[in-house]
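Note that this is a predicted model, so its numbers are computed, not measured. In what follows, every heavy atom counts, from backbone to side chain, and hydrogens, waters and symmetry copies are set aside. Residue numbers start from 1 in every chain, and the chains themselves are labelled A, B, ... in the order their sequence lines are given, proteins ahead of strands.
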Amino acid sequence: MVSRGQKFLERFYIGFVFFLLYAPILILIVCSFNASKARTVWGGFTFNWYVSLAQNEEVMAAVRTSLVLTFSAALIATILGTLACIGMTVMKKNSQSAIMSVTNIPMLNADIVTGIAIMLLFVRFAGLGMMSMLAAHITLGVPYVILNVMPKLKQTNRSAYEAALDLGATPTYAFRKIVLPDIMPGVLSGFLLAFTISLDDFVITYFTKGPGINTISTMIYQQVRRGINPEMYALSTILFLVILVFLWIVNRIQNDEPQAAEAQAKGKVAA
Amino acid sequence: MQAKELIHLENISKSFDGELVLDELDLTIRENEFLTLLGPSGCGKSTTLRILGGFILPDKGRVIFDGQDITNTPPNKRNLNTVFQKYSLFPHMNVEDNIAFGLRIAGKSDAYIKDKIKYALKLVNLDGFEKRSPLLLSGGQQQRIAIARAIVNEPRVLLLDEPLGALDLKLRQDMQYELIRLKNELGITFVYVTHDQEEALTMSDTVVVMNQGYIQQMGTPEDIYNEPENAFVADFIGDSNIIDGIMIRDRKVEILGVTFDCVDTGFGEYKPVDVVIRPEDVVLLDPGKGSMDGVVSHIIFKGVHYEMEVTAGGFDWLVQSTVGHPVGTPVGIWVDPYNIQIMNKPESDDEKAVGVEE
């Protein structure tokens, strides 16, 4: 039996852990609404920092760069990652697991190493700029796409694909009509994860960005070094909330899956 | 009177990972024929079907369809459709869209497609199922939708890969009748793969018994059952007493030390042979009145008949009879000479009656 006191302690402990984890971000969010520029003094509630943020051309440029970069990188990573998965399913077991380990390297490798490596490559052969950033962010995203798509692709029923061919579909048409709808949840959560990872990256972006180009994270870094400006608290708060929303959506997609499968199984039994 | 040759598999060989699955297989399929490839798992029957469907390329040999070489033609360009073993319906489409899939690719008009769907659903006894999701159908219904989806395209040949394997006994029997009816109504060629000998005997015009990548015997169900060519076929099709014997001379064979009359000739003198006697052909008489005496050692009731084991001459004879005798009853054994089947001893391992899972 769990006594009342025990239950209270349990809850208190969990609450305390979460408080410690999120206190810094909480303070950041509070500061973004603080009318006073001093971090330790509460000068009243204000939206001013958000307003001046929207009027700051430099910041808005960084936001635009971030969105364009992140979206294109996530999109290309999703296409490449999904194609890679299809290629891998027809491979023999050994080559498949070999390639799987290789694709995990960018995920496990220290960001700073990946960043410097890509920087060196581009400095030597092409120069730094939007292209080098894009390449770096695609590299970052592909493993997450593969990690999400591969299990879905392995679950799909191969005879459904063969049946489509049998009924006259070309391999591309069969893939688009039969396989893709089946693996779509994996593709979608792969895309969103790649988007999140890319949006929130600082280290790799910092090393691969061209002169004069800033993303949200490198922008915040620069501003904070120059001196504290509460606008950056506001920007960080927005970044945090956007990523929170994305992760929540990814979670929803992944949680819906087993439920759908369950419903399917139940349907079969009932029939 | 033989129908026109429609498909010819010409000396097909195929190995997977160095293991030979089909060895120089040569097979002719005629128009409007219900041909069944029958054999234990791993005998190469499914591989043969997949080569026909275009999902596997043979290592050697050619596939001729209506006079044309289609060996390298991809599945979507072949005028045949497959009903797969596992439920292969498209889960995110309703029954109607599943059936229309092939027709839409072929660019048929909406009115034509609508008509066809109606016709096909009626044919498989599932009228009114258009809007249902395949996920909510039973196994038998799903398989019937899969058949409907294949036949609306009016293929010359329908390939069926153990389509009834996942169904229960009663449903399987119903579906067997349904398939025969379909074949007669549609007038197309059926190539059917199964490991179930009853299914093969019930439905087929021609049965092809396969083992280890070879065709063991090909013929009508009656031929295959009554005149098995080797011990493998005899053992795989139905129950059999397979006994070592010696052909003394034409029409005389010695089994278990007793000479039986038979009708076979041309085996030579004192030649070791395999003797096959179906359990329903063993006649039990009073002791002393048959060719040899024995004692009933087991009996079970099977519904239509009793199945008994009779120990005689050191061999346990499998006997089926509508009259049961209690265990321990002394009996005489007699076999009509016409029901004694003499076969040459196998020359290779492939023809041996290997362990058959059932």
State, to 0.1 Å, how close A160(A) and F90(B) come at their nearest heavy-atom pair, and which atoms those are.
O-CE2, 3.1 Å
Contact class of A174(A) relative to chain B, heavy atoms under 4.5 angstrom:
neither
For R50(B) and E162(A), which heavy atoms make the closest approach, and how far apart are they?
NH2-OE2, 2.7 Å
Can you tell me if M91(A) has over 12 outside heavy atoms packed within less than 6.0 Å of its CE?
yes
Part of Y161(A) within contact of chain B (heavy atom distance under 4.5 Å)
neither
To the nearest 0.5 Å, what is the distance between CG on L103(B) and CG on L167(A)?
9.0 Å
Surrounding NZ of K116(B) (heavy atoms of other residues, nucleotides or ligands, distance under 6.0 Å), is the total greater than 12?
yes
Largest heavy-atom contact set with chain A, pairs under 4.5 Å, which of I105(B), L159(B), D161(B):
I105(B)
What I'd like to find out is whether the side chain of D17(B) reaches to under 4.5 Å of the side chain of K92(A), using heavy atoms alone.
yes
Taking atom OH as the centre, does Y112(B) end up with more than 12 heavy-atom neighbours from other residues, nucleotides or ligands that are less than 6.0 angstrom away?
yes
When the 4.5 angstrom heavy-atom criterion is applied to N153(B) and chain A, the contacting part is side chain
If every non-hydrogen atom of N76(B) is compared with every non-hydrogen atom of G168(A), which pair is closest and at what distance?
CB-C, 3.4 Å
Shortest non-hydrogen contact from D166(A) toward N81(B):
O-ND2, 2.9 Å
Are there more than 12 heavy atoms of other residues, nucleotides or ligands under 6.0 Å from atom CZ of R158(A)?
no
Against chain A, label R132(B) side chain, backbone, both or neither, depending on which of its atoms sit under 4.5 Å from a heavy atom there.
neither
Would you say that more than 12 heavy atoms from the other residues, nucleotides or ligands in this model lie under 6.0 Å from the CZ of F71(A), or not?
no
Report the distance from atom CZ of F55(B) to atom CG of L165(A), rounding to the nearest 0.5 Å.
6.0 Å
Please check if atom OH in Y173(A) has more than 12 non-hydrogen atoms from other residues, nucleotides or ligands closer than 6.0 Å.
yes
Going by heavy atoms in the side chains, are F101(B) and I178(A) under 4.5 Å from each other?
yes
Part of R104(B) within contact of chain A (heavy atom distance under 4.5 Å)
neither
Report, as yes or no, whether the 6.0 Å neighbourhood of atom CG on D110(B) holds more than 12 heavy atoms from other residues, nucleotides or ligands.
no
More than 12 foreign heavy atoms under 6.0 Å from CD of E19(B): is that the case here?
no
